[in-house]
Engineer: 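Structure in C-alpha cells, see below.
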Amino acid sequence: MFARAADDFGHRIHDIPEAVFTPTDEHEVTEAVREAHQLGLPLLARGQGHSTAGQAQVEGGFILDMEKMSQVRDVDGNSMVVEAGATWYTVLDTALSVGMTPPVLTDYLGLSVGGTLSVGGIGGASHKYGAQTDNVTALDAVTPDADLVTCSPQRNSAVFDSIRAGRGRHGVITTAVLPLTPTPDTIRRHVLHYTSLTAFLADQRRAMTLPDADYLEGQAKWTGNGWRYELEFVQYPGKATDAPADLTSLSFDDREYEELDYNAFATRLRDGERRMREIGDWLCPHPWVNYFLPESTTDTIIHRILDTTTLDQIGERGTVLTYPFTRHRMRTPAMQLPTSAVFHLFALLRTAVPAAPVSGTDMIEINHTLDRVVTDNDGTIYLGPLPRS
C-alpha cells in the first residue's frame, strides 16, 4: 500500500506518506481530512496515480487512495452521479448502456474522475466543449477544514471554482455530477498528412471552425528523415445519411479515412496500454511535459523545439501531440491558460527505456529548458510539477 502511494506513472518521484487511507464513502474521507487537519499534516487524494512528477504524492502526510470509491451512483438520460475514484472507462461503459456519452473524454480512459477534475481534463472535443472541468454540473467535496459540501455554479460557487483544477490543494472530490450527450452510432475519422508544420498548424486552427469538427487532435511523427504531421479530424454524424465532412478548405498532402464504432474509437488506447505493460514500458520513467501556447507564438515555439529535438530525446515509443482550443470554451478559473482567443496544446510524452541514448535524467533537464522557452513566450505549463515541500 505504501509502495503504491509513493509511486506514479512518472516512476521517478517516491515520497513516503505518514499514512494511507482507503475510504469507502464521504464520511470516511471527512474523518481522514479532519485528522490530518488536527495534526497539521498535508493530505492528498490519489486516483489512478497517473501523474508524472509526484503530484499525487506527499512526504510525511496522508494519502487518500480513492480506489474503493469507484461506483456509479445514478445515471439517467441526461446526467450521471459518479464517485471520484471511478475511471472514465467505467463512466463511458455506463453512459453507453443508456445511449449516452460524456461530451469530453481524455485520450486515455484509465484515469479517475476525481483525478482529471482536479487538473482540468482535455481531449479532442475540448475545442468544442471545453475541459472536463467545464462539463461537471455539481460536486460533493470535503474542504481542508473537513466540511462536507455540495457545490455547483449556483451553490457554494467559490468552493466549486477552487476545487475544479485545484490540483487537490483545496479539497477532496468525493462525487461528481456529469452531463451526458447522445452517442453517435459510428464516427468518421479522417487522418490528414502534412510535410509542412506551418500548413499543419494553420489547418488545425481552420479545421476547428468547421461545423463537422467534433473531435480534433494532431501529432508530429519522426519518419527517419524529419518530422511529418497528422491532423486527426473526426465527425460524429447524427445519422448515416448526413453529408461527409467538407475538408476542401484544408491544404493537406494526402489523407486516410475510416468509419468506426464510437466505443472502439473512444477506447482505442486500451490495446496500447496492454502492449506497454507486456513489454515493460509502463514501468519506465515518463518525463512528460504539456504546454499551452498562445496562437501568436505557437508556430515559432513548436518550430524551434522540433528543429532541435531528436527521436532519442523523445524516446522511440514517445508521442508528440498538438491541437488547438478556443479560449471562450475553456472556462475553469483555476486552469492556467494563455489569454489569447486561440491557443494550442503542445505535449512531449517521453518514455525513458533502459539503455536508451538519452536517459530519463537528461530528458528532465531538456524539459526544464523547454519550460523556460514556453513561459518566456507567454505560454503556460499544464500538469507540471507542484512545489516540493
Side-chain angles (χ1 to χ4, degrees), residues 1-71 73 82-87 111-121 132-133 136 138-151 156-176 332-336 382-389:
M1 182 182 296
F2 277 78
R4 168 181 158 85
D7 193 18
D8 61 15
F9 187 64
H11 303 303
R12 56 189 181 87
I13 304 296
H14 302 284
D15 288 339
I16 306 297
E18 177 72 20
V20 179
F21 296 85
T22 55
T24 60
D25 59 33
E26 55 266 41
H27 302 293
E28 292 182 3
V29 172
T30 302
E31 287 303 312
V33 172
R34 180 177 292 113
E35 184 174 348
H37 182 69
Q38 291 173 346
L39 294 173
L41 295 177
L43 177 144
L44 282 175
R46 172 195 171 94
Q48 292 296 308
H50 203 74
S51 58
T52 59
Q55 294 94 329
Q57 298 177 39
V58 58
E59 185 173 8
F62 287 0
I63 287 291
L64 288 181
D65 190 323
M66 304 295 285
E67 64 177 345
K68 292 184 179 180
M69 292 185 63
S70 58
Q71 303 301 309
R73 293 188 177 180
V82 60
E83 293 179 338
T87 69
L111 310 172
S112 71
V113 170
T116 64
L117 294 182
S118 293
V119 296
Q132 289 181 322
T133 45
V136 55
L139 297 171
D140 286 335
V142 180
T143 69
D145 294 333
D147 292 326
L148 177 61
V149 299
T150 297
C151 55
N156 296 314
S157 59
V159 177
F160 189 65
D161 287 344
S162 67
I163 288 181
R164 290 179 302 139
R167 310 194 74 181
R169 267 54 187 175
H170 303 287
V172 177
I173 298 170
T174 58
T175 63
T332 303
M335 288 190 74
Q336 299 294 310
Y382 176 57
L383 306 178
L386 292 162
R388 312 299 294 172
S389 57

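On a predicted model such as this, the values are computed, not experimentally measured, just so you know.
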Engineer: Counting distance only, does the side-chain N/O of Gln55 pair as donor-acceptor with the main-chain N or O of Gly384 below 3.5 Å?
Structural biologist: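 Checked: pair present.
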Engineer: For Thr133, enumerate each residue passing the side chain to side chain donor-acceptor pair (under 3.5 Å) test, keeping only those at least two apart in sequence or located in another chain.
Structural biologist: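 Applying side chain to side chain donor-acceptor pair (under 3.5 Å) to Thr133 gives Thr332.
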Engineer: Considering non-hydrogen atoms only, spot the tightest contact between Phe2 and Ile16 and give its length.
Structural biologist: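 For Phe2 versus Ile16, the nearest heavy atoms are CD2-CG2, 4.5 Å.
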Engineer: Going by side chain to side chain contact (heavy atoms under 4.5 Å, CB included), Val149 matches just one of Val142, Thr174, Val159. Which one?
Structural biologist: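 Of all the options given, the one that passes is Val159.
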Engineer: Starting at OG1 of Thr116, measure out to CG of Leu111 and round the result to the nearest 0.5 Å.
Structural biologist: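 Rounded to the nearest 0.5 Å, the OG1-CG separation comes to 6.5 Å.
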Engineer: Which residues pass the side chain to side chain donor-acceptor pair (under 3.5 Å) test with Gln48, not counting sequence neighbours?
Structural biologist: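 Side chain to side chain donor-acceptor pair (under 3.5 Å) list for Gln48, sorted by chain: empty.
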Engineer: Can you name the residues that form a side-chain contact (heavy atoms from CB on, under 4.5 Å) with Ala5, not counting sequence neighbours?
Structural biologist: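 For Ala5 the side-chain contact (heavy atoms from CB on, under 4.5 Å) partners, ignoring immediate neighbours, are Pro17, Val20, Ile63.
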Engineer: Just to verify, what does His37 make a side chain to side chain donor-acceptor pair (under 3.5 Å) with, not counting sequence neighbours?
Structural biologist: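 His37 satisfies side chain to side chain donor-acceptor pair (under 3.5 Å) with no other residue.
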Engineer: Going by the rule salt bridge (charged side-chain N to carboxylate O under 4.0 Å, His left out), which residues pair with Asp140 if we only count those two or more places apart in sequence or in a different chain?
Structural biologist: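 Once residues adjacent in sequence are excluded, Asp140 has no partner under the salt bridge (charged side-chain N to carboxylate O under 4.0 Å, His left out) criterion.
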Engineer: What's the separation between atom NZ in Lys68 and atom CE in Met66, rounded to the nearest 0.5 Å?
Structural biologist: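 The distance works out to 12.5 Å.
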Engineer: Not counting sequence neighbours, which residues clear salt bridge (charged side-chain N to carboxylate O under 4.0 Å, His left out) with Asp65? List them please.
Structural biologist: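 For Asp65 the salt bridge (charged side-chain N to carboxylate O under 4.0 Å, His left out) partners, ignoring immediate neighbours, are Arg4.
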Engineer: Working to the nearest 0.5 angstrom, can you tell me the gap between Arg164 CZ and Leu139 CG?
Structural biologist: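 Separation between the atoms: 7.5 Å.
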Engineer: What's the separation between atom OG1 in Thr52 and atom CG in Leu383, rounded to the nearest 0.5 Å?
Structural biologist: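 Answer rounded to 0.5 Å: 7.0 Å.
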Engineer: Ala334: what forms a side-chain contact (heavy atoms from CB on, under 4.5 Å) with it, not counting sequence neighbours?
Structural biologist: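 If we apply the side-chain contact (heavy atoms from CB on, under 4.5 Å) test to Ala334, skipping adjacent residues, the hits are Ala165.
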Engineer: How would you list, by chain and number, every residue that makes a salt bridge (charged side-chain N to carboxylate O under 4.0 Å, His left out) with Arg46, sequence neighbours excluded?
Structural biologist: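 With sequence neighbours excluded, Arg46 shows a salt bridge (charged side-chain N to carboxylate O under 4.0 Å, His left out) to no residue whatsoever.
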Engineer: With sequence neighbours excluded, what pairs up with Arg169 under the side-chain contact (heavy atoms from CB on, under 4.5 Å) test?
Structural biologist: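 For Arg169, the residues satisfying side-chain contact (heavy atoms from CB on, under 4.5 Å) (neighbours in sequence not counted) are Leu44, Leu386.
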Engineer: Which atom pair, heavy atoms only, marks the closest approach of Gly114 to Ser118?
Structural biologist: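 In terms of heavy atoms, the two residues are closest at O-OG, 2.7 Å.
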Engineer: Under the rule for salt bridge (charged side-chain N to carboxylate O under 4.0 Å, His left out), what residues qualify as partners of Glu31, not counting sequence neighbours?
Structural biologist: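 Applying salt bridge (charged side-chain N to carboxylate O under 4.0 Å, His left out) to Glu31 gives Arg34.
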Engineer: With a 3.5 Å distance limit and no angle check, can you tell me whether Glu83 reaches the backbone of Ser70 through a side-chain donor-acceptor pair?
Structural biologist: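 A pair under 3.5 Å: yes.
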Engineer: Ignoring hydrogens, what is the shortest heavy-atom contact between Val33 and Pro144? Give both atom names and the distance.
Structural biologist: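 The answer is CG1-O, 3.8 Å.
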Engineer: With sequence neighbours left out, write down each residue that passes ring pair (Phe, Tyr, Trp, His ring centres under 6.0 Å) with Phe9, or none if nothing qualifies.
Structural biologist: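 Applying ring pair (Phe, Tyr, Trp, His ring centres under 6.0 Å) to Phe9 gives His50, Trp282, His286, Trp288.
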Engineer: Can you see which heavy atom on Ala56 is nearest to which on Ser51, and at what distance?
Structural biologist: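 Looking at all heavy atoms of both residues, the shortest contact is N-OG, 3.7 Å.
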Engineer: Write down the atom of Val136, the atom of Phe160, and the distance for their closest heavy-atom approach.
Structural biologist: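 Taking every non-hydrogen atom into account, O-CZ, 3.4 Å.
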Engineer: Only counting residues at least two apart or in another chain, list the ones meeting side chain to side chain donor-acceptor pair (under 3.5 Å) with Glu28.
Structural biologist: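 If we apply the side chain to side chain donor-acceptor pair (under 3.5 Å) test to Glu28, skipping adjacent residues, the hits are Thr24.
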Engineer: Going from CG on Asn156 to CG on Asp161, what distance comes out if it is rounded to the nearest 0.5 angstrom?
Structural biologist: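 One finds 11.0 Å between CG of Asn156 and CG of Asp161.
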Engineer: Looking at every heavy atom in both Leu41 and Phe62, which two are closest together, and how far apart are they?
Structural biologist: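 It is CD1-CE1, 3.6 Å.
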Engineer: Side chain of Asp145, backbone of Asp147: donor and acceptor closer than 3.5 Å?
Structural biologist: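 Answer holds: no.
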Engineer: From Thr143 OG1 over to Ile163 CD1, what is the distance, rounded to the nearest 0.5 angstrom?
Structural biologist: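 It comes to 7.5 Å.
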Engineer: Do the non-hydrogen side-chain atoms of Val29 and Met69 ever get within less than 4.5 Å of each other?
Structural biologist: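 In short, these two side chains touch, coming nearer than 4.5 Å.
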Engineer: For His14 and Ala6, indicate whether the former's side chain and the latter's backbone hold a donor-acceptor pair under 3.5 Å.
Structural biologist: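 Such a contact is found between His14 side chain and Ala6 backbone.
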